[in-house]
**Student:** 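Sharing a structure below in structure tokens format, with a few things to ask.
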Amino acid sequence: MDDAHMDGGRDGRHMGGRHTDDGHTDGGHMDHGHTDDRHTDDGRRPPGDRPRIVVAGASGLIGGALARSLTADGHRVVRLVRRAPEGPDEVRWDPENGRVDAAGLEGCDAVVNLAGAGVGDRRWTDAYKTRIRSSRVHGTTALAEAVAALERPPRVFVNGSAMGYYGETGDRPVDESAPPGEGFLPGLCVEWEAAAAPAQKAGVRTVFTRTGLVVARRGGAWGRLFPLFRAGLGGRMGDGSQYWSFVALHDEVAAIRHLLDRDDLSGPFNLTAPQPVTNREVTVAMGRVLHRPTPFAVPAPVLRAALGEMAGDVLGSARVLPARLLESGFRFAFPEIDGAIRAAL
């Protein structure tokens, strides 16, 4: 149920700027004194030149918010698309078949890969699980190989991942030092991250964003919850004791930008708020913020009958902590569930 699957020293107010739901600030990013731009013979960025950032998955919840935030701060965002490009800000690729127009990536400063078929979009038939895997693993492999082969590679490759890496954790809190869990989603995340190896081997700083449930008004898991709770039809799932590790959309975008900015950060980072809550606590908070009753509950057997194998992800407990992100100095604008819900309204 994490939204990387559903789609997939500074805080949200860093650089002194105001924040928005998408994590935009009034300050600039990805510049901070670098003179390694590849557009001139002496390696220096031409005056007035803006960072060029490639985003795969820019039509999704997280990718779209990130692209808007970067564009608002004056960065040049190039979107990977599956159709013929309609301008210089688009590059064609075919993730399922492992193809990307590498020439369109030349000279970019960063590549952010957030693409993938939605885990929560339909029942997990064998055919759809194959599609989920190929859209992530094959797409990441193609993009990482293209990045590694560039004459002028980017300085950072941010590859989406998910808190599904840890599987079922029960009441046990886990951070980035924990091993992967068992089952379809943990196995998928392991393969997904391993697919970025070509970029890492080429010396490109590589970051994995293990994202939790993104609290947003539209899109992802919360985009489905809001209409139900507004209608007074919301309630807990199963017994409600399972942990839901959430993150406000604003903090998700701000964290990705923090990781883009910091040349000293690489490897996995949990993009989840520091105070995970149970599904029962989510239910109470939604009712409290929206001023609606929450009398209903969906029994576990009903969820299993309706969702099949995917019900295990809904009913499973993931108590995931953002240890490395906090250690890096990032501070959350919305660390508590009530604030994250209000920020989405």
**Student:** Without swapping roles, check the side chain of Glu168 against the backbone of Gly170 for a donor-acceptor pair under 3.5 Å.
**Tutor:** yes

**Student:** Does Ala344 offer a backbone N or O that forms a donor-acceptor pair with the side chain of Arg217 under 3.5 Å?
**Tutor:**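 Side chain of Arg217 to backbone of Ala344, a donor-acceptor pair under 3.5 Å: yes, one is there.
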
**Student:** Leu260 and side chain to side chain contact (heavy atoms under 4.5 Å, CB included): which partner among Val207, Val112, Leu265?
**Tutor:**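 Option passing the side chain to side chain contact (heavy atoms under 4.5 Å, CB included) with Leu260: Val112.
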
**Student:** Any side-chain heavy atom of Phe296 sitting closer than 4.5 Å to one from Leu228?
**Tutor:**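 Result no, sub-4.5 Å side-chain heavy-atom pair not found.
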
**Student:** So, do Leu143 and Val111 sit near enough that their side-chain heavy atoms are less than 4.5 Å apart?
**Tutor:**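 In contact.
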
**Student:** Quick one about Asp175 and Ser177 (side-chain donor to acceptor, distance below 3.5 Å, no hydrogens or angles considered), yes or no?
**Tutor:** yes

**Student:** Indicate whether any N or O donor in one side chain lies under 3.5 Å from an N or O acceptor in the other, for Arg280 and Ser241.
**Tutor:**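 Note: Arg280 and Ser241 side chains miss the donor-acceptor criterion.
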
**Student:** Does the side chain of Val91 come within less than 4.5 Å of Val54's, by heavy atoms?
**Tutor:** no

**Student:** Check for a donor-acceptor pair, side chain of Arg92 on one end and backbone N or O of Val81 on the other, with a separation under 3.5 Å.
**Tutor:**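 Absent.
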
**Student:** I want to check something: taking the side chain as every heavy atom from C-beta on, are Trp192 and Ile132 in contact at a cut-off of under 4.5 Å?
**Tutor:**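 Counting from C-beta outward, Trp192 and Ile132 never come under 4.5 Å.
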
**Student:** Within the structure provided, determine whether Tyr165 and Pro186 are in side-chain contact (heavy-atom separation under 4.5 Å).
**Tutor:**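 No, their side chains stay 4.5 Å or more apart.
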
**Student:** If you measure from CG on Asn270 to CZ on Arg324, what distance do you get to the nearest 0.5 Å?
**Tutor:** 9.5 Å

**Student:** Can you tell if the side chain of Leu325 reaches within under 4.5 Å of the side chain of Thr272, non-hydrogen atoms only?
**Tutor:** no

**Student:** Considering residues, nucleotides and ligands other than Arg218, do more than 12 of their heavy atoms fall under 6.0 Å from its CZ?
**Tutor:** no

**Student:** Quick check: does any side chain N or O of Gln242 sit under 3.5 Å from a backbone N or O of Met237, one acting as donor and the other as acceptor?
**Tutor:** yes

**Student:** For Arg288 and Asp338, run salt bridge (Lys or Arg N to Asp or Glu O under 4.0 Å): C-alpha distance rounded to whole Å, both residues' side-chain angles, the deciding distance at 0.1 Å, then the answer.
**Tutor:** CA-CA 8 Å; Arg288 181 168 55 239; Asp338 284 42; 2.9 Å; yes

**Student:** Does either side chain, that of Glu193 or that of Ser161, offer a donor lying less than 3.5 Å from an acceptor on the other one?
**Tutor:** yes

**Student:** Could you go step by step and tell me if Arg136 and Asn113 meet the side chain to side chain contact (heavy atoms under 4.5 Å, CB included) rule?
**Tutor:** CA-CA 9 Å; Arg136 286 169 168 75; Asn113 178 26; over 6 Å; no

**Student:** In Å, rounded to the nearest 0.5 Å, how long is the span from CZ of Phe229 to OG1 of Thr283?
**Tutor:**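 Reported value, rounded in 0.5 Å steps: 4.5 Å.
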
**Student:** Taking NZ, NE, NH1 and NH2 as the nitrogens, is one of them in Arg210 or Glu176 under 4.0 Å from a carboxylate oxygen of the other?
**Tutor:** no

**Student:** If we ignore hydrogens and angles and just use 3.5 Å, is the side chain of Glu90 paired with the main-chain N or O of Glu86 as donor and acceptor?
**Tutor:**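 Looks like yes, one N/O pair under 3.5 Å.
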
**Student:** Quick one, Val147 and Pro154 - any side-chain contact, counting heavy atoms below 4.5 Å?
**Tutor:** yes

**Student:** Are any side-chain N or O atoms of Ser135 and backbone N or O atoms of Arg131, one a donor and one an acceptor, separated by less than 3.5 Å?
**Tutor:** yes

**Student:** Donor-acceptor pair, distance only, cut-off 3.5 Å: does the side chain of Thr278 make one with the backbone of Tyr243?
**Tutor:**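 Side chain of Thr278 to backbone of Tyr243, a donor-acceptor pair under 3.5 Å: no, none is there.
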
**Student:** Taking Arg292 for its side chain and Arg230 for its backbone only, find out whether a donor-acceptor pair lies under 3.5 Å.
**Tutor:**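 Yes; judged by distance alone, with no hydrogens or angles, the pair exists.
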
**Student:** Going by an N to O cut-off under 4.0 Å, is there a salt bridge joining Asp89 and Arg76?
**Tutor:**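 Salt bridge absent between Asp89 and Arg76.
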
**Student:** With the 4.5 Å side-chain cut-off for hydrophobic clustering, are Leu66 and Ile53 part of the same group?
**Tutor:** yes

**Student:** How far does OG of Ser317 sit from CG of Asn279, to the nearest 0.5 angstrom?
**Tutor:** 10.0 Å

**Student:** Hey, any chance Val247 and Phe330 share a hydrophobic cluster, counting ILVMFWY side chains that come within less than 4.5 Å of each other, even indirectly?
**Tutor:**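 In one cluster with Val247: Phe330, yes.
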
**Student:** For the atom pair CZ (Phe208) and CG (Asn159), what is the distance rounded to the nearest 0.5 Å?
**Tutor:** 6.0 Å

**Student:** Do you know which of Val320, Leu259, Val214, Asp251 makes side chain to side chain contact (heavy atoms under 4.5 Å, CB included) with Leu271?
**Tutor:** Leu259

**Student:** So do the side chains of Phe269 and Thr209 get within less than 4.5 Å of each other, counting heavy atoms only?
**Tutor:** no

**Student:** Using modelled atom types only, decide if a donor and an acceptor are shared between the side chain of Glu106 and the backbone of Arg152 within a distance under 3.5 Å.
**Tutor:** yes

**Student:** Using atom types as modelled and distance alone, determine if a side-chain donor or acceptor of Arg236 lies under 3.5 Å from a backbone N or O of Gly238.
**Tutor:**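 Side chain of Arg236 to backbone of Gly238, a donor-acceptor pair under 3.5 Å: yes, one is there.
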
**Student:** When rounded to the nearest 0.5 angstrom, what is the spacing between CG in Leu321 and OG in Ser245?
**Tutor:** 7.0 Å

**Student:** Quick one about Thr211 and Glu252 (side-chain donor to acceptor, distance below 3.5 Å, no hydrogens or angles considered), yes or no?
**Tutor:**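 Note: Glu252 and Thr211 side chains meet the donor-acceptor criterion.
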
**Student:** Drop me the distance from Thr71's OG1 to Arg79's CZ, to the nearest 0.5 angstrom.
**Tutor:** 5.0 Å

**Student:** Please determine if Arg155 and Asp109 form a salt bridge, counting it only when a charged side-chain N lies under 4.0 Å from a carboxylate O.
**Tutor:** no

**Student:** Are Phe334 and Phe332 near enough that their ring centres are under 6.0 Å apart?
**Tutor:** no

**Student:** Going through the checks in order, is the salt bridge (Lys or Arg N to Asp or Glu O under 4.0 Å) test met by Asp264 and Arg205?
**Tutor:** CA-CA 9 Å; Asp264 59 326; Arg205 178 171 68 90; over 6 Å; no

**Student:** Side chains of Tyr166 and Arg319: donor-acceptor distance under 3.5 Å anywhere?
**Tutor:** no

